[in-house]
Amino acid sequence: MLTARILFPLPLPEPFDYAIPDGLTVEPGSYVRAPLGKYARTGVVWEVLESDPERILKEIEAVFPTPPMPAAMRKFISFCARYTVSGPGQVLSMALRSRGGLSPSPTQTVYALTGHRTNRMTAAREKVLAAAEQLGPASAADLAREAGVSASVIKGLAETGSLAANALPTDLPYPSPDPSRTGPDLTVEQASAGQALRNAVKQGGYQPFLLDGITGSGKTEVYFEAISETLAADPTAQVLVLLPEIALTQAVFDRFESRFGAGPAPWHSSLSDQQRRRTWRETAHGRARIVTGARSALFLPFANLKLIIVDEEHDTSFKQEDGVRYHARDMAVMRAKLEAASVILASATPALETVVNAEAGRYQRLKLSARPGAAKLPDMQLVDLRTNTPEKGNWLSPVLSKALVQTHAEGEQSLLFLNRRGYAPLVICKACGERLKSPGTESWLTEHRYTNRLVCHLTGWSMPKPDNCPMCGAKDSLMGVGPGVERVAEEVRVLLPEANVEVFSSDTAMGGEATRGIVERMAEGEIDVLVGTQIVAKGHNFPNLTLVGVVDADSGLQGGDLRAGERTYQLLSQVAGRAGRAERPGRALIQTYQPDNPAMQALAAGDRDGFLKIERDVREELTLPPFGRMAALVMSAPDPAMAKEIGLIAGKTAPHGDGVTVYGPAPAPISILRGRHRLRFLITAPREVDLSAYMAAWMKDLKLPNAARAAVDIDPYSFL
Ligand code: ADP
């Protein structure tokens with residue numbers, strides 16, 4: 001007799017043992033249903049072992065008709081749990097995001113012509129047969145609509161044998177991509193990078209790459225070469241392309257489709273349940289050959305994953321900031337290692353971590369230094385706001401205003417970038433000086449003019465803008481301070497009354513449809529000036545865009561974040577890279593009060609490597625990541641007294657670790673969030689220390705009151 005050790009997608013410390021009843025075929029990786037407490041639950045068999053005759057175990061109830069989760073995926077889940085100091089069941093739950101995917105597709109009944117004609121024909125029946133001829137196999141509803149008759153006519157024809165009813169799956173397989181199709185003629189540089197990737201894929205095994213190419217150099221075309229080789233080399237091989245969520249647009253989908261003759265299987269947060277279960281099922285069965293997805297796609301149970309691409313690998317949206325706090329880029333490299341697959345990290349501004357790995361020889365670096373054809377990198381110019389000051393109440397300097405007018409006069413498009421949604425980031429009362437905050441949260445409210453509401457960007461809480469100050473009651477005393485994209489758009493409309501000015505932010509582009517609308521209008525030249533938040537920075541190609549203006553380059557430099565300079569550099573060079581992508585040269589004007597800051601200097605000089613070198617030296621000197629390890633412990637409690645108490649308890653419980661330094665507890669920068677009082681510990685250690693093991697030991701001993709919460713964040717990216 002055999003026993004199955006089953007892991008459930010629940011926050012339980014370990015798998016549980018079950019008996020395998022006669023007649024069920026169960027192997028490691030099988031998806032099964034088994035009783036747990038009062039219910040039957042879905043889980044995955046982690047191990048199969050000899051039964052102990054002394055133990056009486058509950059039996060597995062059923063096995064799902066899904067290929068078992070491959071060993072590499074199970075190892076990956078265990079690794080990820082250990083690394084992030086999470087329960088393996090919590091990580092498994094990310095791999096089981098679609099229960100519907102475990103069962104075969106639901107079916108719908110379709111009707112098709114049989115060739116048999118009944119001799120009891122009517123006019124209505126004739127219409128249905130004509131409709132069936134035209135539509136092919138179709139549902140009763142579709143046939144009835146097409147023929148303009150009631151559904152009972154279709155049932156009648158089925159009874160006479162003129163139509164045959166068949167059950168057809170509603171979730172169809174994805175069409176197969178065709179690797180024999182070719183892309184544009186590659187430049188010499190692209191071809192040589194493409195060949196290196198093809199060779200690696202052909203050779204097989206774990207092969208990590210950094211594809212380091214300036215914006216618009218054709219990185220996508222180059223990694224398409226690797227995809228093409230992967231698909232051609234092995235008829236069951238699968239490819240995963242990870243992209244930042246907001247880059248998963250129709251344009252990207254279309255690009256895959258035009259290169260491979262079939263679109264990829266999508267995976268992101270706005271999929272319907274049906275799309276989700278379809279992608280999950282097709283991936284698990286190995287039929288979806290290319291999957292494009294946001295970070296959570298990394299946890300799909302591929303049957304034969306042979307290539308992972310992380311595009312825009314520096315993007316901070318790859319870090320998950322709640323639940324299991326993982327970095328999809330780092331975990332993608334680990335998954336590739338376990339799957340013996342190739343992995344390509346692509347970026348114009350790779351993260352320092354990645355650059356250091358490439359320099360240490362852990363990744364092979366492929367460089368693309370030019371844009372194909374006539375397209376040139378934009379000319380970058382710093383605008384010193386201390387000497388080129390905007391007029392009072394305005395945010396655009398005279399230099400930038402003039403450039404906007406000139407660009408518009410020449411029939412070209414401009415893009416203004418400001419990473420602040422809404423109209424004004426702060427609302428104060430002119431009478432009493434009150435700064436309006438979100439209830440139970442230490443966060444200022446942002447004024448939104450389009451909706452005339454005050455919104456908390458941290459929690460999403462909002463209220464209509466009141467006429468009177470909620471504190472002192474003064475009438476019409478509330479005033480928005482500082483610029484948001486709506487306010488900058490207002491300024492441009494005054495400057496260029498004829499121009500078509502639009503705002504592009506997560507408020508104006510809610511959902512894929514609206515985003516696509518703006519992107520298409522911009523690409524087709526219907527918008528003259530687009531004012532946007534970081535949503536505009538990602539991957540869009542606007543051929544007639546020649547001017548990019550950065551309204552406030554300094555906003556990202558504030559705060560005690562170790563990556564502030566790096567992030568500013570990355571974001572601004574991505575934004576500036578939107579200009580001049582076709583034949584026309586582009587320019588970028590960057591407004592700053594700190595023109596001497598190394599990030600600004602490097603931007604202006606286009607000296608990315610020089611900037612990275614300064615960053616690198618500082619981090620090495622201070623043994624900050626990637627030269628040292630870092631973790632955070634974020635705690636919260638419903639009241640200040642308990643917050644203080646749990647900070648003391650955690651401080652006392654912290655184990656001794658060689659080389660490990662524990663800083664804190666300190667109040668978190670966002671000290672109150674949704675009524676909870678927050679505090680943080682920061683933990684640092686030399687590279688060779690296993691900080692995950694240290695944190696796990698700490699958490700094991702930590703006993704907190706029920707209302708308290710504690711979360712471990714290994715390699716933290718957010719310090720709020
Ligand atoms: P990146 O991903 O590096 O920003 P893309 O792959 O998006 O660059 O390429 C930028 C633009 O240049 C795209 O429109 C792409 O189709 C085009 N392109 C890239 N390589 C070539 C080439 N060899 N010939 C013609 N067009 C190319």
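These numbers were taken from a predicted model, which means no experiment stands behind them.
Residues Tyr31 and Trp280 place their aromatic rings such that the two centres sit under 6.0 Å apart. Taking the six-membered ring for Trp and the full ring otherwise, the centers of Tyr326 and Phe299 sit less than 6.0 Å from each other.
Formation of a donor-acceptor pair under 3.5 Å by the Gln570 side chain with backbone atoms of Asp315 is not found in this model. Between the side chain of Arg295 and the backbone N or O of Leu242, no donor-acceptor pair lies under 3.5 Å. Ser228 places no side-chain N or O within 3.5 Å of a backbone atom of Phe224 that could act as its donor or acceptor partner. Formation of a donor-acceptor pair under 3.5 Å by the Arg289 side chain with backbone atoms of Ala237 is found in this model. Asn419 places a side-chain N or O within 3.5 Å of a backbone atom of Gln534 that can act as its donor or acceptor partner. Checked by atom type and distance alone, the side chain of Ser30 pairs as donor or acceptor with a backbone atom of Glu27 at under 3.5 Å. A side-chain donor-acceptor contact under 3.5 Å links Lys319 to the backbone of Asp715. Arg329 places no side-chain N or O within donor-acceptor distance of the main-chain N or O of Val310, the cut-off being under 3.5 Å. A distance-only check finds no donor-acceptor pair linking the side chain of Thr84 to the backbone of Arg325 [under 3.5 Å]. Distance alone, capped at 3.5 Å, places no donor-acceptor pair between the Arg287 side chain and the Pro173 backbone.
Looking at every heavy atom in both residues, Ala303 comes nearest to Ala284 through CB-O, 3.6 Å. Taking both residues in full, the closest heavy atoms of Ala328 and Leu298 are given as O-CD2, 3.6 Å, listed atom of the first, atom of the second, then distance. Minimum heavy-atom separation, Leu240 to Ala297: CD1-CB, 3.8 Å. For the residue pair Arg33 and Phe64, the shortest heavy atom distance occurs at N-CE1, 4.2 Å. Contact between Ile518 and Val503 at its shortest, heavy atoms only, is CD1-O, 3.8 Å. Ala340 and Lys306 make their closest contact through O-NZ, 4.1 Å (heavy atoms, listed as atom of the first residue, atom of the second, distance).
Proximity of Leu300 to Trp267: side-chain heavy atoms (C-beta onward) are separated by under 4.5 Å at one or more points. Side-chain contact between Glu229 and Pro179 is absent, with no heavy-atom pair separated by less than 4.5 Å. With contacts defined as side-chain heavy-atom distances shorter than 4.5 Å, the pair Leu231/Ile227 qualifies. You'll find the side chain of Thr283 reaches within 4.5 Å of the side chain of Gln238, heavy atoms only. Taking 4.5 Å as the limit, some side-chain heavy atom of Glu321 sits within range of a side-chain heavy atom of Tyr717. When side chains are defined from C-beta on, Arg335 counts as touching Phe302, because their heavy atoms get closer than 4.5 Å. You'll find the side chain of Ile77 reaches within 4.5 Å of the side chain of Trp46, heavy atoms only. For the pair Pro9 and Thr42, the minimum side-chain heavy-atom distance is 4.5 Å or more.
Under a cut-off of 6.0 angstrom, the local environment of CZ in Arg181 is crowded, with over 12 non-hydrogen atoms contributed by other residues, nucleotides or ligands.
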Could you go step by step and tell me if Glu339 and Phe76 meet the side-chain contact (heavy atoms from CB on, under 4.5 Å) rule? CA-CA 9 Å; Glu339 301 270 1; Phe76 174 62; 5.9 Å; no
Kindly determine whether Thr354 and Glu313 satisfy side chain to side chain donor-acceptor pair (under 3.5 Å), including the steps that lead there. CA-CA 9 Å; Thr354 303; Glu313 66 87 34; 2.7 Å; yes
Please evaluate residues Glu225 and Arg259 with respect to the criterion salt bridge (charged side-chain N to carboxylate O under 4.0 Å, His left out), reporting the C-alpha separation (whole Å), side-chain torsions for both, the decisive distance (0.1 Å), and the verdict. CA-CA 10 Å; Glu225 294 295 295; Arg259 178 64 161 80; 2.8 Å; yes
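Between His327 and Phe318, the ring-plane angle classifies as tilted under the 30° and 60° cut-offs. Below 30°, between 30° and 60°, or above 60°: for Phe256 and Tyr223 the angle between ring planes is between 30° and 60°, a tilted geometry.
Judged purely by distance below 3.5 Å, without hydrogens or angles, the side chains of Ser269 and Glu245 pair a donor atom with an acceptor atom. A donor atom on one side chain and an acceptor atom on the other are not found under 3.5 Å apart for Thr441 and Ser443.
A side chain to side chain donor-acceptor pair (under 3.5 Å) with Asp171 is found for exactly one of Gln275, Arg277, Arg278, namely Arg277.
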